[in-house]
Each structure stands twice: as structure tokens, then as C-alpha cells.
Participant: 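One structure, as C-alpha cells, below. Some questions next.
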Protein chains: 2
Amino acid sequence: MAKRAVAADSLSREAVVDRALEIADAEGLEAVTIRRLGVEFGVTPMALYWHVKNKDELLEAMGDRILASITLDDLDASAPWHEQLGAIIHKLVNALRPHPTCTMLAARRIVASEAGIEVSERAFAVLREAGFSVRDTASIATQALQTAMMLITAEPGAEPGVTPEERERRLAEKRRNIERLPADRYPRVREMVDALLDCDDLQEYYDYGIAVFVAGARTLLAAG
Amino acid sequence: MAKRAVAADSLSREAVVDRALEIADAEGLEAVTIRRLGVEFGVTPMALYWHVKNKDELLEAMGDRILASITLDDLDASAPWHEQLGAIIHKLVNALRPHPTCTMLAARRIVASEAGIEVSERAFAVLREAGFSVRDTASIATQALQTAMMLITAEPGAEPGVTPEERERRLAEKRRNIERLPADRYPRVREMVDALLDCDDLQEYYDYGIAVFVAGARTLLAAG
DNA sequence: ACCTGAACACCGTTCAAGT
DNA sequence: ACCTGAACACCGTTCAAGT
């Protein structure tokens, strides 16, 4: 018999982090446990400790892995600074979208991991060369990167780490709750219900969100 | 002997949520457990289940409590819409700041709890009357409220739910990590180190962050 | 170098029973 | 109405031991 497919995910740090991300994507971050990973790899829980120091380190590695998927070399360094800033935020958004339940893990590693520092350096450079002070660059850059995270977690109708049926159930419940509200006290919330629970064009949602932030940064620079 | 002070925090849903918030503020959200609360009140863990359905419901109640601390009646309805929007974000920021480890709990309840809906309604009304479409109002408003949350979690030098000594230790470690970076590859990150790890004026930090967002919203409205 | 067995100190939660 | 006792099915983690 030839080498089994299983051999491909034999135990290794790489494979553990991969599997942990898959579990988080499918069932949510709370489904990621050392013991569960043991079962997945057909191994006792303690075997995992050979490959990761402890669970915290595993979570850090998951965040690092997401940030490491970002490539920056195709950024256009000759574009206007605000376009470059928008492009960086877009990169981050695209890296995070496949792993919405792990947004916080990536956020915590943005000035800690190698890949995160790379992104930060780029954002800082763009803003400094645009003319922002050190202090304002720090503010705008962290806010920019966190805006990417925020757009993911606030995505309308997203119920990450949950089966499609469960997602439908939760959205229907939210809708019922909103529609139960008295129309005289909460006319606007009721008017918003569709826009809040469902998004027909996610690309537009992200573009708009990023545009708001970038426009704000431009105004503040102009205002000095 | 008169009534003991202890009587004030005899077991009740109110008292449980209060104590849970105090524990989270002092030691982080992961220190909040049913069993720990049992110890705090001198009672078996199971006693808690009379007052809250389960731990999830407790976490929801904590988020609701934070949002409920916001008062909206002193908002100036005659001010320009962008000032009103900024004021709402400020209200949210001020409500969250005492409980930085619980930001996510409040975020999850913003369109679920009574108090959260109240804030949302106000934000929606301001934006609709300013002339934003339903879709754009939904985008801007959620982004506005999430921006408040984001500013809290991204606060420079904040290490919430940790003793002052532990905070110093962590910040020193972050500083060492950044200063170890090669100066030729990461000049900007190294230049930023003080601004990233420490903030001499938090009020300015929040004002600036909110100003960026509000300015962006104004530009997008003008651009149609 | 890599994994297991046994054990420890934790979790949240149910359910029948007490007062 | 409010709380306890006993029990269950989970966690993460250590450490000595196996191959």
C-alpha cells in the first residue's frame, strides 16, 4: 500500500495550527481544544505539548499564520499615500475574511509577530512620508489596522463559526426581536432591519468601510 | 449589631453581575467563573443558577449592564449631525473605558439589549436625518459604534485585567522585542516605539480617533 | 525525538433533594 | 423561593515513563 493521505497531516506544529484554524472556521474558536486536536490526529492530548508549548502559544501561532498569509510586495509604492493606506487595509481584510472567528488572535499579534510587524512597518512608512507626525502616525496606523478587524467582526449577517442552519436560526431570531420593537419608539432600527441582518454585496460593504476611514485620515492631515 | 455591609451584596442577579464586572476589571474576563462567583458570595456554585440561566446569560447581562450606563438625554439634538455622531461615540467610549476587558460583551449586545438599541436608534436617526441612505446609515452607524469599541481595545499601553506590575512587565517585554528589530528593515516601527506603548494624553487619543472617523463620514456624505 | 499513562486542579451544568 | 450534594462530562497541564 502506498503512503496514506493521512501521512500528510501527521503530527507537526504546522499541521496542528492548520487543523486548529479549520476547526475554528467551522465550529468557532471555543471548539479548538488541546484534547479535540488530540482526537483529530488520533493521538493523546499530551502529544500536542511536544509541538506547542501550551494553548496560549497555539493561539498566538494561529494569529501569526493568518498575518503571514499577507503579501505586501505587490503594493504600488508610487500611488498616493491614501491609496496605499487603503490597499494595506484591504490586504488585512482579505487575510482575515476566511477566519472570522480568529480576528482577535490576529489583532493581538499585529505588533508582535514577524508578519504583523512587516504590515505595521509599511503602514507607518506610508503615513510618515505623507507628513503625519510620529504620534499621529501611531494613532492612524493602529486605528487603520484595527478598522480592518472591526469590519470583519461587524460584517452584517455574519454568524461565524456556526452551521448554516444555526446561522439562519440566529438571524431569524434577531429579526423577530427587532420587529417586536414598538414602531413609535424605534422607527429607525425597524427601518434598518434588512440592512443590519443581510448584505447583498460584501465587497461594497468593505470598500465603503475602508473609504470612510481613509477619507477621515486625509481630512485630518489637511487640517494639520 | 446593625446590618452588615455583607448584606448589601447578598446573592441576587444584580449583585452577581456587579461582582462579575469587578472581577473582570481586576483580573480579566477569564477570571470570571461560576465557581469563583460562588466563592465570592460564600455559596455553592449551583446557587448561581437560580439567579442566572447559565454562563452565557451572565456574560450577556454584563454587556447589557455596561450599555445601560449610557445616558442619552443630554445630547444636543440641535447640533450639526456630525457633532451629534461624535458625541454618541464619546458616550460609548466613556461607558466602556472602566471595563476594557468586557468590550466584546458590550459589542455583542449593541443591537440586542434594550440600552444598546436605544443608542443604535439615536445613531440611525442622526445619520438618516443628515441625508444618508438606509444602507449607508447601517454601515456608518455600526462602524461608528464599533469604532468606539476598537479605540478601547487598541488603547496604547493598555494591558487590561492585569496587575500594575504585570502590566509594566509586559510593556517592557514588548519594548525589548521592538528594540531588538533590525534598524535597517524596520526603521519606522522603531521610531514609533514610544507612541505605541505609552500614551501621555488618553483624552487626546480618543478625541483624535473619533475625529478621524467623523471626518470620514462627512466626506462620504458630501461625495454622495 | 516523539508519544503515552496516570494524575491534578480546574471548568460548566443537571437533577434530585433539602429548608 | 432559594440553596446544597453528588455526579457528569468536559478542560489545560505536569511529570515520569516508554520506544
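To find a chain, count down the sequence lines: A is the first, B the second, and so on, and within it residues start at 1.
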Participant: If you only use heavy atoms from C-beta on, which nucleotide in dT13(C), dC3(C), dC3(D) is closest to the side chain of Ile34(B)?
Facilitator: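 So the side chain of Ile34(B) is nearest to dT13(C).
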Participant: Taking all non-hydrogen atoms of both residues into account, name the closest pair between Leu196(A) and Ala138(B) and its distance.
Facilitator: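 Residues Leu196(A) and Ala138(B), closest heavy atoms: CD2-CB, 4.3 Å.
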Participant: Using Watson-Crick or G-U wobble geometry with both distances below 3.5 Å, tell me the partner of dT14(C), or none.
Facilitator: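 dT14(C) is paired with dA6(D).
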Participant: Going from CD1 on Ile23(A) to CE on Met62(A), what distance comes out if it is rounded to the nearest 0.5 angstrom?
Facilitator: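 That separation rounds to 8.5 Å.
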Participant: Choosing from dC11(C), dA1(C), dT4(C), which nucleotide comes nearest the side chain of Thr33(B)?
Facilitator: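 Among the listed nucleotides, the one closest to the side chain of Thr33(B) is dC11(C).
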Participant: Check whether Asn94(B) reaches the backbone of His90(B) with its side chain - one donor and one acceptor, N or O, closer than 3.5 Å.
Facilitator: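 Looks like yes, one N/O pair under 3.5 Å.
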Participant: To the nearest Å, give me how far apart CD (Glu30(A)) and P (dC11(C)) are.
Facilitator: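 Result: 19 Å.
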Participant: Quick check for you: among dT14(C), dT13(D), dG5(C), whose closest atom lies nearest to any side-chain atom of Met46(B)?
Facilitator: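 Comparing dT14(C), dT13(D), dG5(C) against the side chain of Met46(B), the answer is dT14(C).
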Participant: Roughly how many Å is it from CZ in Arg36(A) to C1' in dA9(D), rounded to a whole number?
Facilitator: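 Rounded to whole Å, this separation is 16 Å.
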Participant: Can you see if the side chain of Thr44(A) gets near the phosphate of dC3(C) - specifically, an N or O under 4.0 Å from OP1 or OP2?
Facilitator: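 For Thr44(A), the contact criterion (side-chain N or O under 4.0 Å from OP1 or OP2 of dC3(C)) is not met.
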Participant: Give the nucleotide from the list dC2(C), dT13(C), dT14(D) with an atom nearest to the side chain of Tyr49(A).
Facilitator: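 So the nucleotide nearest the side chain must be dT14(D).
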Participant: Just compare dT13(C), dC3(C), dC3(D) and give me whichever is closest to any side-chain atom of Lys55(B).
Facilitator: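 So the nucleotide nearest the side chain must be dT13(C).
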Participant: Quick one: which of dT13(D), dC3(C), dT13(C) gets closest to the side chain of Arg35(B)?
Facilitator: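 Of the options given, the side chain of Arg35(B) lies nearest dT13(C).
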Participant: Got a donor-acceptor contact below 3.5 angstrom from the Arg65(A) side chain to the Glu14(A) backbone?
Facilitator: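 Here the side-chain-to-backbone pair exists.
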Participant: Expressed as a whole number of angstroms, how long is the span from Leu48(A):CG to dT14(D):P?
Facilitator: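 Value for this atom pair: 13 Å.
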Participant: Regarding Gln143(A) and Tyr208(B), do their side chains bring together a donor and an acceptor under 3.5 Å, going by distance alone?
Facilitator: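 No, because no side-chain N or O of Gln143(A) sits under 3.5 Å from a partner of the opposite role on Tyr208(B).
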Participant: What is the distance from CG of Leu37(A) to P of dT4(C), rounded to the nearest Å?
Facilitator: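 After rounding, the reported distance stands at 14 Å.
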Participant: Does His51(B) put a side-chain nitrogen or oxygen below 4.0 Å from OP1 or OP2 of dC3(D)?
Facilitator: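 For dC3(D), OP1 or OP2 has a side-chain N or O of His51(B) closer than 4.0 Å.
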Participant: Write down the partner of dA1(C) under the Watson-Crick or G-U wobble criteria, each distance required to be under 3.5 Å.
Facilitator: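 dA1(C) is paired, partner dT19(D).
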Participant: To the nearest Å, give me how far apart CG (Leu11(B)) and P (dC2(D)) are.
Facilitator: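 These atoms are roughly 10 Å apart.
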Participant: Please report the distance, rounded to the nearest Å, between CG in Leu59(A) and C1' in dG12(D).
Facilitator: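 These atoms are roughly 12 Å apart.
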Participant: Which one, dT4(C), dT4(D), dA1(C), comes nearest to the side chain of Ala47(B)?
Facilitator: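 Selected nucleotide (nearest to the side chain): dT4(D).
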Participant: Provide, to the nearest angstrom, the distance between the CG atom belonging to Leu29(A) and the P atom belonging to dC11(D).
Facilitator: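 Leu29(A) atom CG is separated from dC11(D) atom P by 14 Å.
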Participant: Give the rounded distance in Å between these two atoms: NZ of Lys53(B) and P of dC2(D).
Facilitator: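 Taking atom P of dC2(D) as the reference, NZ of Lys53(B) is at 19 Å.
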